[in-house]
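The next block holds one structure in the form of structure tokens; read it before the comments.
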Amino acid sequence: MLAFWGSVLALFVSVLLLVFAAAPYYRKYIAGGVCKSTAKLNGKVVVITGANAGIGKETAKDFAGRGARVILACRDMAKAETAACEIRSKTGNQQVIARKLDLANTKSIREFAENFLKEEKELHILINNAGVMLHPYSKTADGFEMHFSVNYLGHFLLTFLLLERLKQSAPGRIVNVSSLAHHGGRIRFHDLQGEKCYNRALAYCHSKLANILFTRELARRLQGTDITVNAVYPGIVSTELTRHSPVLDTLRKSVPFLLKTPPEGAQTSVYCAVAEELESVTGKYFRKATLL
């Protein structure tokens, strides 16, 4: 019996040592690629949705460090102002501004765009980053299912309203944050608002597929305008996106080493927005700061 338990203990210790030995390699794989571009963005104007936390905030911080004028377009203004203040303090760039934008409300989107066009004469980079995941079924004030509205329709409208300013300021770039979950998505034209059948995980997948299709079609329509449009998969990142799932949120907080950090997750968005070698690349899908 002692020999048996001794073998069990030896096996356990061996597995534990293997895990510790493999941990650095696993972390390197999970972290993914790093944007190595040193491009400066002085004089450039950037809009990032959902930039008060997570990868949006880290993307904003990177751009601010490169000298850009960065607009944090966020629903929660208290958090947005706090994020803007922190970024200004850390980068020394005072051109980091918080503006109200609720992607679940078309009136708010139109007001944001109207005010932006009055205040800003140029726009060079648009990062459609904000999103919701696993949200319980609900409709926006305009009658749209929440995932479809925030992740896709809201960004579609925002991009449309700002497109002429992007063209006038060309060259410019649009980056749509999507997800590998798009593989599980379908565009269910007979039930776009999930009124007949709703699964919140699939609703997220559907909206992310819409992001991919939007990216490809917009890139096609913008050929010859010097505006590029690409989609990115940031990876599985430890952010507040899991807040609507107690199970996933608990796992995220319990095993953070299994996930990307927000700065790691922001790398692909940054890469697609600033890398010199991508100045004419459009309609593509990237992950780990590389082409998927």
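Remember, predicted model here, so these are calculated numbers, not experimental data. The figures here come from the full heavy-atom set of this structure, side chains too, leaving out hydrogens, waters and symmetry mates.
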Going hydrophobic residue to hydrophobic residue with side-chain gaps under 4.5 angstrom, can you get from L218 over to L157?
yes
What are the two closest non-hydrogen atoms of T91 and G65, and how far apart are they?
CG2-N, 3.9 Å
Side-chain donor-acceptor contact under 3.5 Å, D102 with S108
no
Side chains of K260 and I236 in contact at under 4.5 Å (non-hydrogen atoms)
no
Sub-4.5 Å side-chain heavy-atom contact between F63 and V270:
yes
Separation between CG of L158 and CG of L163, rounded to the nearest 0.5 Å:
10.5 Å
Under a plain distance cut-off of 3.5 Å, with no hydrogens placed, do Y137 and Q193 share a side-chain donor-acceptor pair?
no
Taking the six-membered ring for Trp and the single ring otherwise, decide whether the centroids of F286 and Y233 are under 6.0 Å apart.
no
Side-chain (Q267) to main-chain (P263) donor-acceptor, under 3.5 angstrom
yes
Do V34 and Y271 have side chains that get closer than 4.5 Å, going by heavy atoms?
no
Does the side chain of H182 pick up a donor-acceptor pair with the side chain of Y204 at under 3.5 Å?
no
So, do P234 and T268 sit near enough that their side-chain heavy atoms are less than 4.5 Å apart?
no
Please assess K57 against N52 for the test side-chain contact (heavy atoms from CB on, under 4.5 Å), listing each intermediate value before the final yes or no.
CA-CA 5 Å; K57 179 180 175 182; N52 61 277; over 6 Å; no
Would you name the heavy atoms of V281 and E277 that are closest together and state the gap between them?
CG2-O, 3.9 Å
May I ask you to decide whether K100 forms a salt bridge with E111, counting only side-chain N to carboxylate O separations under 4.0 Å?
no
Would you say L103 and S149 make side-chain contact, with heavy atoms under 4.5 Å?
no
For E114 and R110: C-alpha separation, side-chain torsions, deciding distance, then whether salt bridge (charged side-chain N to carboxylate O under 4.0 Å, His left out) applies.
CA-CA 6 Å; E114 182 180 352; R110 292 183 183 279; over 6 Å; no
Apply side-chain contact (heavy atoms from CB on, under 4.5 Å) to V229 and L222, showing your working.
CA-CA 8 Å; V229 191; L222 290 178; 3.7 Å; yes
Full working for side-chain contact (heavy atoms from CB on, under 4.5 Å) between D191 and C197:
CA-CA 8 Å; D191 190 22; C197 178; 4.3 Å; yes
For D142 and F144, indicate whether the former's side chain and the latter's backbone hold a donor-acceptor pair under 3.5 Å.
no
Apply salt bridge (charged side-chain N to carboxylate O under 4.0 Å, His left out) to R99 and E119, showing your working.
CA-CA 11 Å; R99 291 288 182 265; E119 297 171 1; 3.3 Å; yes
Are L209 and H206 packed together at the side-chain level, in the sense that at least one heavy-atom pair is separated by less than 4.5 angstrom?
no
Would you name the heavy atoms of V175 and C272 that are closest together and state the gap between them?
CG2-CB, 3.9 Å
Residue from F160, F148, F156, Y285 passing ring pair (Phe, Tyr, Trp, His ring centres under 6.0 Å) with F214:
F156
Is there a donor-acceptor contact under 3.5 Å linking the side chains of N128 and T159?
yes
Restricting to non-hydrogen atoms, name the atom on I227 and the atom on L166 that form the minimum distance, rounded to 0.1 Å.
CD1-O, 3.4 Å
Rounded to the nearest 0.5 Å, what separation is found between the CD1 atom of I71 and the OG1 atom of T49?
13.0 Å
Search all heavy atoms of R200 against all heavy atoms of H135 and return the closest pair with its distance.
CB-O, 3.4 Å
Pairwise distance CZ(R173) to CD(E279) - rounded to 0.5 angstrom
7.0 Å
Using only heavy-atom distances, determine whether the side chains of S37 and E276 contain a donor-acceptor pair under 3.5 Å.
yes
Taking only Lys NZ, Arg NE, NH1 and NH2, and the carboxylate oxygens of Asp or Glu, determine whether R69 and E122 approach each other closer than 4.0 Å.
no
I'd like to know if the side chain of D226 and the backbone of K167 have a donor-acceptor N/O pair within less than 3.5 Å.
no
Any chance you could lay out the side-chain contact (heavy atoms from CB on, under 4.5 Å) test for Q95 and V70, step after step, and finish with the verdict?
CA-CA 6 Å; Q95 296 297 302; V70 185; over 6 Å; no
Where the side chain of N105 meets the backbone of T140, is there a donor-acceptor pair that is under 3.5 Å apart?
no
So, taking the atom named CD1 in I97 and the one named CD1 in I87, what distance separates them when rounded to the nearest 0.5 Å?
12.0 Å
A side-chain contact here means heavy atoms from C-beta on lying under 4.5 Å apart; do E195 and K139 qualify?
yes
For the side chain of H155 and the backbone of N176, is there at least one donor-acceptor N/O pair under 3.5 Å apart?
no
Flag, side chain of N211 to backbone of A231, donor-acceptor distance under 3.5 Å:
no
d(R88 CZ, K61 NZ) to nearest 0.5 Å is 13.5 Å
Could you tell me the separation between the NZ atom of K44 and the OG atom of S169, rounded to the nearest 0.5 Å?
8.5 Å
Counting distance only, does the side-chain N/O of E81 pair as donor-acceptor with the main-chain N or O of A78 below 3.5 Å?
no
Just so I know, are the side chains of H124 and L41 near enough to count as touching, which here means a heavy-atom distance under 4.5 Å?
no
Give me the atom names and distance for the closest heavy-atom approach of V177 to I55.
CG1-CD1, 4.3 Å
